[in-house]
Chemist: 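One structure, as structure tokens, below. Some questions next.
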Number of protein chains: 2
Amino acid sequence: MQDIRPAGTARERVLDAALALFAEHGVNGTSLQMIADRLGVTKAAVYHQFPTKDEIVQAVINPALDRLDQIADEAEARRGRGAQVRAVLAGVVGLVVEHRRLSAVFSFDPSVARLIRREPAVRSVERINRLLTGPDPDDATRVAVAMVSGGLIVAGIDPDLIRLDDDALREHLVNTALRTLGVRR
Amino acid sequence: MQDIRPAGTARERVLDAALALFAEHGVNGTSLQMIADRLGVTKAAVYHQFPTKDEIVQAVINPALDRLDQIADEAEARRGRGAQVRAVLAGVVGLVVEHRRLSAVFSFDPSVARLIRREPAVRSVERINRLLTGPDPDDATRVAVAMVSGGLIVAGIDPDLIRLDDDALREHLVNTALRTLGVRR
DNA sequence: GTCTATAAGAAGATAGAC
DNA sequence: GTCTATCTTCTTATAGAC
């Protein structure tokens, strides 16, 4: 996840390099050669860690998907819609801020979308969405939730916001999201 | 912009096919072969209309960028921040709803971003942003505007929202954006 | 875990006929 | 405006040595 060659197993180094390159060039714009070059090894060395490029993509996005499930688990354990919404927002904002410029370009990547469409991955996203809308939401609520989800993901890459430190960005994002959703702070 | 082979000049047919494919597969995931296949012609026929793939991308996004400038022009002609914000939102929401599922995947495409980074294209986006934040905005405002911009773009592809008709979606988006920005309706 | 070497195909792009 | 044919480069992926 960092720019300078990080320590860790060879597998982890591949994932770190891939994540950075995917975020900048997109999955389709990132070749195995680029990943290998960034690590100072050959393509074959990368293929030793992962049988296909798709499996690299999968391994890169899996931790984020797992986090979404954890967030949903914790939120569902809360009592009351306000508390659940707050728990989801805290979790998602934490995830987004942690990744900053990575999340947005990546979230809308067609190749990532392709992998997420099948699998329980969709379920994780739907759970989060459902926790924010509540049961049987009206159209205005659906729109507000969609804007919050999208807005949070995109906020990390906004050039106007990169100078904000993580704590400040987290607080503003949560407050703005609550206002958008019409939940009292 | 439609799925069935549209009429028009050969150039327009190329742009229509390219837009649809770019939105689904991303720019990098769309080859000239795919564009040609969709039109039932060869790659060479496509190259007769555009010297490079980049110029196709450019031609596809230019109308949207022009619209942003028009929107900024009209908004700047208004008196008072509330009126300017409302004018920008009406314009941007109109643009987004008009394109629906196209805008989001496309807006965050690394190849599109590369083309937009240079050129007066950045200026158009910055003008819109500036009209929404107002002069010398605080951090909370910057975050709110970033979330609105991102949220609006993403809203078009949300599966929860596709069944909404254009009029309803437009109204909800404007209202939600105004609430997020803390502007009275 | 990493290497060299290579296959097999698709990419962007060009030349020139019709 | 569209075609066939071709070039070059890059792609994912494999085989097998160290």
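Order of the sequence lines fixes the chain letters, A, B, ..., with proteins taken first and strands second; residue numbering starts at 1 for each chain.
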Chemist: Find the distance Gln49(A):CD to dA13(D):C1' and express it as a whole number of Å.
Modeler: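 Distance, rounded to whole Å: 16 Å.
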Chemist: OP1 or OP2 of dT2(C) sitting under 4.0 Å from any side-chain N/O of Arg11(A)?
Modeler: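 No.
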Chemist: Would you kindly say whether Gln70(A) and Asp66(A) are connected by a side-chain donor-acceptor distance under 3.5 Å?
Modeler: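 Per modelled atom types, Gln70(A) and Asp66(A) side chains form no pair under 3.5 Å.
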Chemist: Indicate the atoms forming the closest heavy-atom contact of Ser124(A) with Asp69(A), along with that distance.
Modeler: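 Shortest heavy-atom contact: OG-OD2, 3.0 Å.
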Chemist: Could you give the CZ-to-P distance, from Phe50(B) to dG1(D), as a whole number of Å?
Modeler: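 Between P of dG1(D) and CZ of Phe50(B): 11 Å.
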Chemist: Within this structure, what is the CE-CZ distance for the pair Met34(B) and Arg38(B), rounded to the nearest 0.5 Å?
Modeler: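 Answer rounded to 0.5 Å: 9.0 Å.
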Chemist: Between protein and nucleotides 11-18 of chain C, map the contacts as a letter string: B base, S sugar-phosphate only, - none, heavy atoms under 4.0 Å, written 5' to 3'.
Modeler: SBBBB---
Chemist: Can you name the closest pair of heavy atoms from Leu131(B) and Arg81(B) and give their distance?
Modeler: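 The answer is O-NH1, 3.4 Å.
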Chemist: Given atom CG of Leu39(B) and atom C1' of dC3(D), what is their separation to the nearest angstrom?
Modeler: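 After rounding, the gap between these two atoms is 15 Å.
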Chemist: Give me the atom names and distance for the closest heavy-atom approach of Val122(A) to Ile116(A).
Modeler: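 Closest approach of Val122(A) to Ile116(A), heavy atoms only: CG2-O, 3.1 Å.
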Chemist: Can you see whether Asp54(B) engages Gln58(B) through a side-chain donor-acceptor pair at a distance of less than 3.5 angstrom?
Modeler: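 Side chains of Asp54(B) and Gln58(B): no pair found under 3.5 Å.
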Chemist: Thr42(A) side chain: which of dT4(C), dG1(C), dT4(D) is closest?
Modeler: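 Among the listed nucleotides, the one closest to the side chain of Thr42(A) is dT4(C).
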